[in-house]
Amino acid sequence: AGVSVAQERSTKQALTDAEIRLTINNKFLNESGTLFAGLSTEVVEGRVLLVGDLPTKQDRIRAAELVWETPSVRELINEVKVSEGEGVASYAEDVWISAQLRTKMLTDVDINAINYNVETVGQTVHLIGVARDEDELLRVVEIARNVPGVKEVVSHVLTKHDQRRIAS
C-alpha cells in the first residue's frame, strides 16, 4: 500500500495492475512452461509490456492472445522476440544490466524510480511507467543508455499528463 501511495497511479489502479499481471502469469503457467519461463510481464495502468524470447511464432501469438483475454487489459506492448535463447550468460548479463539501472535510478534525486518498471532481454532495456515530466523521462533513458552492456533502450513510458493515461 505504501508503494502505491508514492506512485503516480492510484492505489486502486496499482492493485488492478497487480491482478492483471498475476492473471497473465497464471495463464502462461497453465498454457506451457515455455511461455511462463520465456516471458516477463509488467503492467502499468492496464498497459501490458510483454518481453522475452520464445522459440516459435505460434508461441508469440498465443502469448498475445492470452494477454488480450485478460480482463482490464487496455493495451499490449509486445516486445517478444522469436529465436533460440542465448543461455544463462545472456540472462545473467540482462539481470546485471537491470540491477545497475534500478540502482542508478534509485540514487538519483531527480528521478522518482518507483514509477518505472525495467525489463532487460538480449541487452535491450525495456521501460514502462509514468514519468513526472519529459525531463525526468529523458534522464532515465540517458542513464539506461549509459549502463555498460546496453545495446538499445526502448521506452514505453508516458508522462504524468499524457492524454493516453487513464483519468485518475
Checklist line | Sequence-distant partners of Asp17, salt bridge (charged side-chain N to carboxylate O under 4.0 Å, His left out), two or more places apart | finding: Arg9
Item checked: Any residue meeting salt bridge (charged side-chain N to carboxylate O under 4.0 Å, His left out) with Arg102, in chain and number order, not counting sequence neighbours -> none
Check: Looking only at heavy atoms, what is the nearest atom pair of Ser90 and Gly122, with distance?
Finding: OG-CA, 4.4 Å
Note to self: Checking side chain to side chain donor-acceptor pair (under 3.5 Å) between His156 and each of Arg47, Glu79, His126, which is the one that passes?
What the structure shows: Glu79
Notebook entry, point to check: Is Ser10 reaching over with its side chain to a backbone N or O of Gln13, donor-acceptor style, under 3.5 angstrom?
Noted result: yes
Notebook entry, point to check: Where is the tightest heavy-atom contact between Pro55 and Thr34, given as atom of each residue plus distance?
Noted result: CD-CG2, 3.6 Å
Notebook entry, point to check: Of all residues at least two apart in sequence or in a different chain, which pass the side-chain hydrogen bond (donor to acceptor under 3.5 Å, both in side chains) check with Ser98?
Noted result: Thr120
Next item on the list: Identify, with sequence neighbours excluded, every residue that meets side-chain hydrogen bond (donor to acceptor under 3.5 Å, both in side chains) alongside His161.
Entry: none
Next item on the list: Linking directly or through intermediates, with side-chain heavy atoms under 4.5 Å: list the remaining ILVMFWY members grouped with Val141, chain and number order.
Entry: Ile97, Leu101, Met105, Ile111, Tyr116, Val118, Val125, Leu127, Leu137, Val140, Ile143, Val147, Val150, Val153, Val157
Check: How long is the gap from OG1 on Thr159 to CG on Asp162, to the nearest 0.5 Å?
Finding: 4.5 Å
Next item on the list: Begin with the C-alpha distance, continue with both residues' side-chain angles, and end with the deciding distance and a verdict on side chain to side chain contact (heavy atoms under 4.5 Å, CB included) for Val67 and Leu50.
Entry: CA-CA 9 Å; Val67 169; Leu50 193 59; 4.0 Å; yes
Check: Does Val44 sit in a hydrophobic cluster with other residues, and if so which ones, taking ILVMFWY side chains as linked at heavy-atom separations under 4.5 Å, directly or through other members?
Finding: Leu49, Val51, Ile77, Val121, Ile128, Val130
Margin query: Run the side-chain hydrogen bond (donor to acceptor under 3.5 Å, both in side chains) test against Thr56 and tell me which residues pass, sequence neighbours left out.
Written below: Asp59
Next item on the list: Apply salt bridge (charged side-chain N to carboxylate O under 4.0 Å, His left out) to Asp108 and list each qualifying residue two or more places apart in sequence or on a separate chain.
Entry: Arg139
Next item on the list: Sequence neighbours left out, what pairs pass salt bridge (charged side-chain N to carboxylate O under 4.0 Å, His left out) with at least one residue falling in residues 116-134?
Entry: Arg132-Glu136
Margin query: Within this structure, what is the OG1-CZ distance for the pair Thr41 and Phe28, rounded to the nearest 0.5 Å?
Written below: 4.5 Å
Item checked: Validation row: Ile24, Asn26 side chains within 4.5 angstrom (heavy atoms) -> no
Next item on the list: Check which hydrophobic residues are tied to Leu22 through side-chain heavy-atom contacts below 4.5 Å, counting indirect links as well, and list them.
Entry: none
Margin query: Take a 6.0 Å sphere around CD of Glu75 and say whether it holds more than 12 heavy atoms from other residues, nucleotides or ligands.
Written below: yes
Item checked: Nearest-0.5 Å distance that lies between atom NZ in Lys27 and atom OG in Ser32 -> 14.0 Å
Check: Between atom CG of Asn25 and atom CD1 of Ile20, what is the distance when rounded to the nearest 0.5 Å?
Finding: 12.0 Å
Notebook entry, point to check: Can you tell me how far the CG atom of Asn112 sits from the CG atom of Asn115, to the nearest 0.5 Å?
Noted result: 4.5 Å
Margin query: If the condition is salt bridge (charged side-chain N to carboxylate O under 4.0 Å, His left out), which residues does Arg62 pass it with, not counting sequence neighbours?
Written below: Glu31, Glu65, Glu69
Next item on the list: Return the minimal non-hydrogen interatomic distance between Asn78 and Ala64, and the atom names on each side.
Entry: ND2-CB, 3.8 Å
Notebook entry, point to check: Under a single-linkage definition using a 4.5 Å side-chain heavy-atom cutoff for Ile, Leu, Val, Met, Phe, Trp and Tyr, are Val154 and Val48 assigned to the same hydrophobic cluster?
Noted result: no
Notebook entry, point to check: Looking at Glu45 and Arg165, does any basic side-chain N land under 4.0 Å from a carboxylate oxygen?
Noted result: yes
Margin query: Could you tell me if the side chain of Val43 sits less than 4.5 Å from the side chain of Asn117, heavy atoms only?
Written below: no
Margin query: Clusters formed by hydrophobic residues whose side-chain heavy atoms approach within less than 4.5 Å: which one holds Leu158, and what are its other members?
Written below: none
